[in-house]
Amino acid sequence: MKKLIKTTFKIFLLLIVAGFIFIAWANYSIKKESDASVSYNIAHVPETKTALLLGTSKNLNSGVPNAYFYNRIQAAIDLYKSGKIKYIIVSGDNSTKDYNEPEDMLLTLMKYGIPQDRIFLDHAGFRTLDSVVRAKEIFGQTKLVIISQKFHNERAVFLAKKNGIEAYGYNAKDVNKYAGFKTNMREYLAKAKAYWDLIFGVEPKFGGEKILIP
């Protein structure tokens with residue numbers, strides 16, 4: 001019995017070690033593969049018809065405005081006004097009646113002068129994978145500039161390229177390290193999950209009718 005317990009414990013430890021190695025490798029690999037395609041400099045972003053703005057909540061649970069949201073909005077505005085893009089797909093979570101990331105992004109972009117007819121809503125962007133793949137399958141885009149913070153863009157650009165999209169990332173301003181600690185830790189695991197999804201061929205939760213972007 002003791003021998004069985006020791007063997008089981010050793011297998012358990014090996015699985016934990018393997019898990020940590022996989023997480024570290026996935027993070028290193030994704031960052032390396034996407035590094036040349038993400039930038040904070042608009043001058044480095046190629047002219048592209050459409051940008052994909054990845055959603056997040058407008059406010060934190062405390063009711064305080066979410067800096068991640070507003071920094072992404074500002075990045076989208078800067079990119080549009082620079083003439084680098086013509087249209088913006090706003091993709092996010094709309095899983096409940098009272099929570100609508102795409103609608104919040106639409107209204108905020110319009111508030112700062114982006115015409116409504118230049119913005120397309122994707123209400124089924126529940127995950128980064130969903131947002132990226134749907135930009136191609138639903139909205140017909142095979143070339144994208146993705147807008148989010150750098151840590152998120154690395155994963156999004158990686159997923160886009162693996163799904164046959166010519167992708168670039170325009171990095172929104174980061175949130176200070178203390179405020180973004182939980183988000184950055186979660187992203188570490190999310191990069192590993194991105195590889196896991198590729199290995200097992202995970203697809204978006206929802207399809208839908210094609211939406212034409214002129």
Side-chain angles (χ1 to χ4, degrees), residues 12-41 44-45 48 51-57 60 66-69 71-72 75-76 79 89-93 95 101-102 105 122 124-137 141-206:
F12 178 70
L13 286 179
L14 285 172
L15 288 174
I16 290 176
V17 172
F20 277 114
I21 291 173
F22 175 74
I23 291 170
W25 172 80
N27 275 261
Y28 171 79
S29 180
I30 287 175
K31 288 180 180 181
K32 183 178 180 181
E33 286 196 39
S34 61
D35 184 63
S37 300
V38 299
S39 178
Y40 289 96
N41 191 337
H44 296 163
V45 178
T48 307
L52 173 64
L53 175 57
L54 297 175
T56 187
S57 57
L60 303 177
N66 182 2
Y68 285 106
F69 177 92
N71 289 353
R72 292 180 197 182
L79 201 59
I89 300 170
V90 293
S91 182
D93 189 346
S95 55
E101 291 176 356
M105 289 188 287
D122 177 13
F126 300 112
R127 299 173 304 162
T128 304
L129 175 66
D130 297 55
S131 295
V132 167
V133 174
R134 286 174 58 81
K136 179 183 178 183
E137 300 300 328
Q141 303 306 295
T142 56
K143 181 179 179 181
L144 288 171
V145 174
I146 302 174
I147 303 169
S148 189
Q149 276 71 28
K150 182 182 179 182
F151 68 85
H152 193 189
N153 269 344
E154 290 170 342
R155 174 162 52 97
V157 167
F158 170 81
L159 286 169
K161 288 184 174 182
K162 293 298 183 182
N163 282 280
I165 301 169
E166 183 182 349
Y168 305 89
Y170 180 52
N171 300 330
K173 183 179 178 182
D174 289 314
V175 176
N176 71 72
K177 291 184 179 179
Y178 177 77
F181 178 75
K182 287 184 179 179
T183 300
N184 290 326
M185 288 303 295
R186 187 166 60 244
E187 178 62 25
Y188 200 68
L189 296 175
K191 282 186 169 68
K193 180 65 165 58
Y195 250 112
W196 184 271
D197 288 345
L198 282 174
I199 292 170
F200 290 96
V202 176
E203 298 181 353
K205 290 183 178 181
F206 297 101

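F20 CZ: 12 or fewer foreign heavy atoms inside a 6.0 Å radius. Remark: Y28 OH is loosely packed, at most 12 non-hydrogen atoms of other residues, nucleotides or ligands lying under 6.0 Å away.
By the side-chain contact (heavy atoms from CB on, under 4.5 Å) test, V45 is found to be paired with L79, V145, Y170, residues two or more places apart in sequence or in another chain being considered. Residues passing the side chain to side chain donor-acceptor pair (under 3.5 Å) test with Y188: none are found, sequence neighbours excluded. With sequence neighbours excluded, the residues forming a side-chain contact (heavy atoms from CB on, under 4.5 Å) with L189 are I23, listed by chain and number. By the side-chain contact (heavy atoms from CB on, under 4.5 Å) test, K31 is found to be paired with E154, K191, residues two or more places apart in sequence or in another chain being considered. Partners of N153 according to the side chain to side chain donor-acceptor pair (under 3.5 Å) rule, which considers only residues two or more places apart in sequence or in another chain, are N171. Remark: S95 pairs with D93 by the side chain to side chain donor-acceptor pair (under 3.5 Å) rule, at least two apart or across chains. The side chain to side chain donor-acceptor pair (under 3.5 Å) test applied to N27 returns no partner, not counting sequence neighbours. For the salt bridge (Lys or Arg N to Asp or Glu O under 4.0 Å) test, residues two or more places apart in sequence or in another chain that qualify with R155 are E187. Evaluation of the side-chain contact (heavy atoms from CB on, under 4.5 Å) rule for K205 yields F126, D130 as partners, not counting sequence neighbours.
Atoms OG and CG, on S91 and L53 in that order, are 9.0 Å from each other to the nearest 0.5 Å. In this structure, the separation between CD1 on I89 and CD on Q141 is 5.5 Å, given to the nearest 0.5 Å. The CG atom of L54 sits 14.0 Å away from the OH atom of Y68 when rounded to the nearest 0.5 Å. Taking CG from D174 and NE2 from H152, the interatomic distance works out to 13.0 Å, rounded to the nearest 0.5 Å. Here the CD atom belonging to E101 is positioned 8.5 Å from the CZ atom belonging to F69, to the nearest 0.5 angstrom.
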What do the steps show when you test N66 against T56 for side chain to side chain contact (heavy atoms under 4.5 Å, CB included), and what is the final call? CA-CA 8 Å; N66 182 2; T56 187; 3.4 Å; yes
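In this structure, S29 contributes its side chain and W25 its backbone to no donor-acceptor pair below 3.5 Å. Side chain of R72 to backbone of G55: a donor-acceptor contact under 3.5 angstrom is found.
Residues L52 and I147 have side chains not in contact (no heavy-atom distance under 4.5 Å, counting atoms from C-beta outward).
Taking every heavy atom of both residues into account, K150 and Y40 meet most closely at CB-OH, 3.5 Å. Listed here is the closest heavy atom pair of V175 and N71: CG2-ND2, 4.2 Å. The minimum heavy-atom distance between I30 and A194, with the atom names listed, is CD1-CB, 4.2 Å. Closest non-hydrogen pair, V38 versus V157, comes out as CG1-CG2, 3.9 Å. Across all their heavy atoms, G125 and S131 have their closest contact at CA-OG, 3.4 Å.
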N/O donor to acceptor pairs below 3.5 angstrom from side-chain atoms of residues 196-204, sequence neighbours left out:
from: D197; atom 1: OD1; to: K193; atom 2: NZ; distance (Å): 2.7
from: D197; atom 1: OD2; to: K193; atom 2: NZ; distance (Å): 3.3

Distance-only donor-acceptor pairs under 3.5 Å for side chains of residues 159-168, two or more places apart:
from: K161; atom 1: NZ; to: S37; atom 2: OG; distance (Å): 2.5
from: N163; atom 1: ND2; to: L159; atom 2: O; distance (Å): 2.8
from: E166; atom 1: OE2; to: Y168; atom 2: OH; distance (Å): 2.6

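Ring orientation note: the planes of Y195 and F158 are tilted relative to one another, at an angle of 30° to 60°.
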